[in-house]
Amino acid sequence: MGHLSNEELLKLRSDFISGGVGSVTTQFVESARGAILCDVDGNEYIDFAGGIAVMNIGHSHPRVVAAIKAQAEKLTHTCFMVNPYETAVRLAKKLCQITPGDFPKKAAFLNSGAEAVENAVKIARYYTGRPAILVFDNAYHGRTLLTMTMTSKVKPYKWKFGPFAPEVYRMPFGDAVGPDKLKDVFIKQVDPESLAAVVAEPVQGEGGFIAPPPGYFQELVKICHDNGILFVADEIQSGMGRTGKMFAIEHWGVEPDLVVVAKSLAAGMPLAAVVGKAAIMDSVHAWGLGGTYGGNPVACAAALAVLDVFEEEDMLARAVALGEKLKTRFEKWQRDFSLIGEIRGLGAMLGLEFVKGPDKEPAADEAKQLAAYCLDKGLLILVCGSYGNVVRVLAPFVITDEQLEKGLAVLEAGLKEISN
Ligand code: PLZ
């Protein structure tokens with residue numbers, strides 16, 4: 001590894017990787033540690049992307065690496081449906097303990113976020129005996145047929161990939177309208193008695209780092225429960241400490257019927273889970289849920305190490321501290337640069353909305369320009385949003401003050417350059 005140059009690897013990529021698969025950068029990464037990425041040509045980058053919210057505790061955390069190595073030497077796979085093993089049941093117990101709600105819970109393991117969202121929908125349909133699902137504008141839930149249907153943005157996620165899955169309905173999110181809009185949806189779109197679940201990202205991720213107004217989820221969930229509808233929290237991007245609490249929905253004291261986790265759960269090993277009320281999780285017939293790799297022993301060992309690191313290294317406090325530093329700087333920039341509209345998100349899940357003109361139109365080109373400027377200066381940062389105009393920070397919580405300061409200085413210089 002590492003003997004081919006970036007240029008040679010790019011050629012291989014274009015020759016052999018489907019053109020349908022994108023990459024934000026053209027740099028091939030060779031190694032990564034903490035909040036630093038190194039490419040094959042020896043360049044270093046400060047990582048404000050975290051592999052899209054996967055590396056909350058940092059790249060190659062020694063505890064996680066040790067757990068992966070130890071588990072790989074003992075056992076890498078049997079398929080949980082053939083021979084169960086200890087790491088999976090221990091992790092399930094832990095997830096049942098740390099997810100919100102003081103009631104009996106159970107878990108099921110899957111490979112990816114999208115697969116876990118699909119399973120949450122299957123379970124909700126089974127339990128309620130109802131077919132329909134309600135999701136939101138700006139939602140992102142994945143790229144499989146059902147989850148791309150649930151995802152809001154057409155290009156690139158849905159374009160020409162239809163026909164879509166049936167019985168998926170949508171309503172505006174957050175400030176756009178209050179949860180009482182649901183009652184309108186019940187009249188004009190889908191009867192509540194047909195709705196199995198409302199699926200929501202507590203803080204929307206790909207759609208633009210949109211946090212709901214206070215009280216939003218409490219009211220929404222009350223309406224759901226008054227109508228026998230389950231509430232499913234997609235915590236794939238907002239969870240694992242990103243907003244300063246283990247799960248973002250905890251900010252509002254809401255206890256979801258089902259929680260979906262993935263991404264930072266196993267620090268880069270492919271692992272996802274649906275965790276929720278035992279009566280709901282157990283309603284499905286035996287063998288109704290599963291898959292070859294779900295809850296792979298190495299991935300589960302990594303996740304157990306991640307949860308130990310959260311406790312032993314007080315990752316939530318570090319997330320809160322990171323969020324506060326980002327917010328202070330972002331507020332200064334909001335005063336200094338007219339390009340910046342809202343400061344989006346919550347905790348260390350923070351983004352800058354780019355706008356221009358008297359009507360504060362979305363400024364997607366400028367957001368893209370800033371990300372390109374940053375990459376050129378050694379800072380990797382991602383853009384999101386239905387309008388592509390939100391620059392978001394998903395830096396590992398273990399980023400040092402010096403690295404953070406360096407990264408923010410690059411962003412600030414970029415903002416100055418683009419504003420001129
Ligand atoms: N739910 C809230 O953020 C994944 C996707 C990037 P998978 N987000 C990054 C891209 O362009 O594919 C995500 C998410 C939320 C579900 C998912 C899907 O998780 O592990 O990518 O399937």
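Since this is a predicted model, take the numbers as computed values, not measurements. Numbers here simply count residues along the sequence, with the first being 1. Numbering of ligands and ligand atoms starts at 1, following listing order.
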Verify whether one side chain among S264 and N56 offers a donor that lies under 3.5 Å from an acceptor in the other.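 Short answer, yes.
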Salt-bridge criterion met for E86 and K74 (N-O under 4.0 Å):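 Salt bridge: no.
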Residue contacts for ligand 1, heavy atom to ligand atom, distance under 4.0 Å: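 I52, S112, G113, A114, Y140, H141, G142, R143, Y157, E201, E206, D234, I236, Q237, K263.
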Between H77 and Y293, is the ring centre distance below 6.0 Å?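 Close enough - the centres of the two rings lie under 6.0 Å apart.
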Could you go step by step and tell me if H251 and F217 meet the ring-ring contact (aromatic ring centres under 6.0 Å, His included) rule? CA-CA 10 Å; H251 285 280; F217 275 116; over 10 Å; no
Go through the steps to decide whether S386 and N138 satisfy the test side-chain hydrogen bond (donor to acceptor under 3.5 Å, both in side chains), and finish with yes or no. CA-CA 6 Å; S386 290; N138 308 306; 2.5 Å; yes
Going through the distances and angles, do K356 and E366 end up as a salt bridge (Lys or Arg N to Asp or Glu O under 4.0 Å)? CA-CA 9 Å; K356 62 182 167 191; E366 287 76 359; 3.2 Å; yes
